[in-house]
Amino acid sequence: MVTITPLHIWFRLLRHHLRLLAPSSAIWIIGLVAVAMLVSSAYETTMPTEADRQALAISVEGNPAFEAMFGRAISLDTIEGFTMWRAGGPLIPAIVIWGVLVGTRLGRGEEDRGHDELLLGGILSRAALLLSALAALGILAVIYAAATTLGLPLVSAIGLEGSLRFALAMAGGFLTFTALGTLLAQIMPTRSAALRAGLGVVGITLALRMLSVLEAAPDWLPWLTPFGWYAETGTAQIGSNLPFLLFALTTLAFAVGAVMLCRERELHGSRLVTEQESATATRSYRSLWAHQVRQDGPSILGFGAVGVLLSLIFGMVADEFVDFIEGFPAFAEILAAFGLEDPTDPAAYVGLIVTVLVLIPALFAASVVAALRDDEATGRLTVLLVLPIRRVKWLLVNAVVAIAGITLISLVIGFSAMAGTGITGTMLAPLDALRAGLNLIPMAVMFTGMGILVFGLYPPLTGPAVYTVLLASFIVVMMDAFLDIPDWIVSLSPFDHLALVPGEPANLTASAAFLLIGLGSGIIGSIAFRYRDLMMD
Amino acid sequence: MAENNEVLRFDNVTKRFGETIALDSLSMTLERGEVVGLLGPNGAGKTTALRILLGLIKPTEGQATVYGFDTWLQPVQVHQRLAYVPSEFNVWPNLTGGQILDLLGALYGGYDPDIREQYIERFNFDPNKKGRTYSKGNRQKIALIAALMTRADLLVMDEPTAGLDPLLEQEFQTVLREAKSRGQTILLSSHVLSEVEVACDRVAILRNGRLVEYGTLQDLRHLSARTVEATYRGDPPDFADVTGVEDVVFENGHVRLQVTGSTDPLIKAMAKSEITGIQVREPTLEELFHSYYGEEPVDG
Ligand SMILES: Nc1ncnc2c1ncn2[C@@H]1O[C@H](COP(=O)(O)OP(=O)(O)OP(=O)(O)O)[C@@H](O)[C@H]1O
Ligand SMILES: [Mg+2]
């Protein structure tokens, strides 16, 4: 006879947590490792000679425009430095977003759906539950780091030491934001609120990373954020080991904080809400429209604020960038790889930047469709749909509010870029700002429609599918600037078809296609939703 | 259908989830003003039946109608006349209880604020807290108040008192009686047998997705075995071959047995002996359900 101790149960719980994460984590880890391997393997082929490598290092290191995008570049003339910057630059934001997603999921999502009550009915405390979640997340980090460390040397000249350093720096960023996610999950009222707060922190720290490459930025600024720490790890020759310690200490602090807070918190409770505060909310919203605006409003404001911040900063570096380019005409070729035809035109630069910022309205769209599933899984949707409300009307209200939010966020991004350029130099024309903003809308609308399609056909995948497609297609295009990814793969990514407005004319065909795909998949998804069973968790 | 009193009807409704048959050819009807309890062990299909009635899930076969409207094809017409209390009520964490009631009432198409206040008071509910701070019982109160305040013609409730304290359960009984006297029709599922016994005109018992019994409690009692105990002098009476008699136990001048159906053959058999005392006991509700819930092994 086997006696079951709390430790046995805890290990079972850990297995349960790992099983929950396994499907999506496998995709993330494979994607992250594959991209890094691709980039690192391209080093030899794209830059075969020492001279090529020197040229790259001179052109990029210290260039605010490049560094604003992928962070500080160190030792680009070595495979280690190249991998850190070219692969890690875009991958580090991706891996921390993944960290926030899984951290809030295990820290809170299961509880919001009522699963934890079952688990807590047993012998284990809530702290034990959270510790199991943290352990599971730690195991993910180890798997990722091991795969990266062993994978890179297989395809490139990078040594084990170099790839380990890269893997640890990436895993450090992941763990820091994962622990932050679990902490926010204790502070915020729901998982989606925690997720949005976490994404907000990612956005703000990204903005700080960009700011820190400005010539005027103080030297300590990179040390303020995990993205800065990541860049400071550099290579074994030129780089610091201090960031590894900072990653470890911050992760530990967040994790300890989360465990301490979770012990005091009631199930479904939040640290943020006090009884007094709650008693003051009296305003009622008596239509589905008003209700939905209220539900999505904070998130529109949050994504909008991050958009304003990032495009202001990008706008502010526009002139610095143009000056730099005029001094080094040879880089026009590299920039052409990003799709920038005339790099001395500030409008072209703004076009490039704003096009990267399309991620913000697109991520907002993904968060809205993920919330559709959340409403269904928790049963809140049941409560609405037993009222005399058509299912399709409910979806339509959600879609319209989402599109209004997308429009607002996109326009605000365009005009903030204009304001940014105005602060430091020649201001972008208002009409150009408007065009830049409008250009972002169709793609985010398309992701909304595609999300509704998944929601209609296979609801449990709504959030994961949309986030994964969105980030994967973004990364493909980012990588394509330096790698020879087959054209047909790149052309699958919607980002590939986004014109760099206002630097170049809008791609009306692509915009129309985005809108049509969005509309079409939205309609199919709505019909599928009308005629499927409502599925709670 | 205006001339008859039928409120809802299940017509050979079958619901499969993959391999699982959650509901197996369910047919039953409810008349206006009836209070019907839906009983059955866990997984019997009670919630599934109610969700079909609400048009939340589609019957694999058959059809459910409410006031003549198909619940899957015409859910909005159905929802205009019913209110639902789910077994687990999840609320918007950022809305107060009062705001949630306002929203649900307005979206239903209106309600009387005085009636709302009255229920808030009776259920001892604090509407000024945020949704996330409510306990399970308090969330259940929101669902109950929201359903009751609309005065919908039909109330559909899935374990409505789960999570309520005993005093409120008592109050709920009173509320049910009032609703019935107003002419509202009520279908509720429950595991609380005493609740059903007090409140319901008829009970339906589901097991493994099949309707195994539907009738008044008196009918069910009549159909099931009663216990008879008797004392006798002299030779013991002979119950072999007596119709409906089972489980006969003799014990020095005392006999105990179960009888199903008419008691006439039993009485006639007893008359042949000298019976000095007799006692007939109706089954308790627990015994009744024991016999219905446990009759055959639960498969799947
Ligand atoms: N969405 C679903 N997918 C798969 N199986 C389901 C689903 N919903 C219900 N079932 C199955 O259908 C059967 C009936 O479930 P139902 O929830 O109707 O039972 P119930 O009588 O309400 O039970 P309880 O008393 O526990 O509430 C069960 O075997 C259940 O596992
Ligand atoms: Mg049930």
Side-chain angles (χ1 to χ4, degrees), chain A residues 112-114 117 188-193 265-270 272-292 294-295 297-298 374-394 530-537, chain B residues 15 17 47-48 50-58 60 72-73 75-110 126-136 139 142-143 146-147 150 156:
Chain A
D112 282 1
R113 293 181 177 191
E117 263 150 279
M188 305 303 285
T190 61
R191 193 243 168 159
S192 35
R265 185 173 64 87
E266 279 180 47
L267 206 59
H268 301 293
S270 147
L272 274 190
V273 189
T274 60
E275 302 279 306
Q276 289 85 340
E277 183 199 344
S278 63
T280 59
T282 48
R283 190 128 180 244
S284 277
Y285 296 82
R286 288 157 196 270
S287 79
L288 203 52
W289 292 101
H291 172 66
Q292 203 52 50
R294 183 200 173 104
Q295 293 306 307
D374 221 42
D375 272 354
E376 181 184 17
T378 54
R380 287 191 292 264
L381 183 54
T382 306
V383 177
L384 286 182
L385 292 187
V386 298
L387 297 168
I389 296 171
R390 282 169 210 287
R391 287 190 187 193
V392 172
K393 169 162 184 200
W394 172 78
R530 168 60 186 87
Y531 292 106
R532 75 162 165 81
D533 287 356
L534 229 52
M535 288 181 236
M536 308 215 332
D537 253 12
Chain B
K15 179 66 185 176
F17 294 106
T47 299
T48 305
L50 298 185
R51 285 172 74 78
I52 283 180
L53 204 57
L54 291 154
L56 296 170
I57 55 178
K58 183 184 183 203
T60 314
W72 181 246
L73 298 174
V76 172
Q77 285 88 330
V78 169
H79 296 162
Q80 274 158 353
R81 300 191 60 180
L82 67 71
Y84 174 56
V85 179
S87 61
E88 182 77 30
F89 187 68
N90 271 306
V91 298
W92 291 269
N94 58 337
L95 303 188
T96 66
Q99 287 171 323
I100 293 167
L101 289 173
D102 282 351
L103 177 72
L104 297 181
L107 294 181
Y108 177 76
D126 176 0
N128 292 321
K129 299 204 315 190
K130 288 273 188 186
R132 57 180 151 263
T133 64
Y134 287 118
S135 64
K136 172 164 170 43
R139 279 182 272 142
I142 305 181
T150 62
V156 178

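Chain naming here is simple, since letters A, B, ... match the order of the sequence lines and numbering starts at 1 in each.
- Between A:Ile389 and B:Val76, the shortest heavy-atom distance links the atoms C-CG2, 4.1 Å.
- Take A:Ser287 and apply the side-chain hydrogen bond (donor to acceptor under 3.5 Å, both in side chains) test, not counting sequence neighbours, and it matches no residue.
- Closest approach of B:Asn90 and A:Val383 over heavy atoms only: O-CG2, 4.4 Å.
- The side-chain heavy atoms of A:Asp533 and B:Lys15, taken from C-beta on, include a pair separated by under 4.5 Å.
- In this structure, B:Tyr84 OH and A:Leu385 CG are separated by 12.0 Å, a value rounded to the nearest 0.5 Å.
- Atoms CG and CD, on B:Leu95 and A:Gln295 in that order, are 5.5 Å from each other to the nearest 0.5 Å.
- Contacts of B:Arg51 with chain A are made by side-chain atoms alone, with heavy-atom separations under 4.5 Å and no backbone atom involved.
- Summarising the geometry, atom CD belonging to A:Glu376 is positioned 10.0 Å from atom CG belonging to B:Leu56; distances are rounded to the nearest 0.5 Å.
- Listed by chain and number, the residues in a salt bridge (charged side-chain N to carboxylate O under 4.0 Å, His left out) with A:Arg530 amount to none (sequence neighbours excluded).
- Put simply, the side chain of A:Tyr531 does not reach to within 4.5 Å of the side chain of B:Lys58, judged on heavy atoms.
- Without hydrogens or angle criteria, B:His79 side chain to A:Pro388 main chain gives no donor-acceptor distance under 3.5 Å.
- Of the possible polar contacts, none joining the A:Arg286 side chain to the B:Gly105 backbone as a donor-acceptor pair under 3.5 Å is found.
- Rounding to the nearest 0.5 angstrom, the gap separating the CH2 atom in B:Trp92 from the NE2 atom in A:His291 is 5.0 Å.
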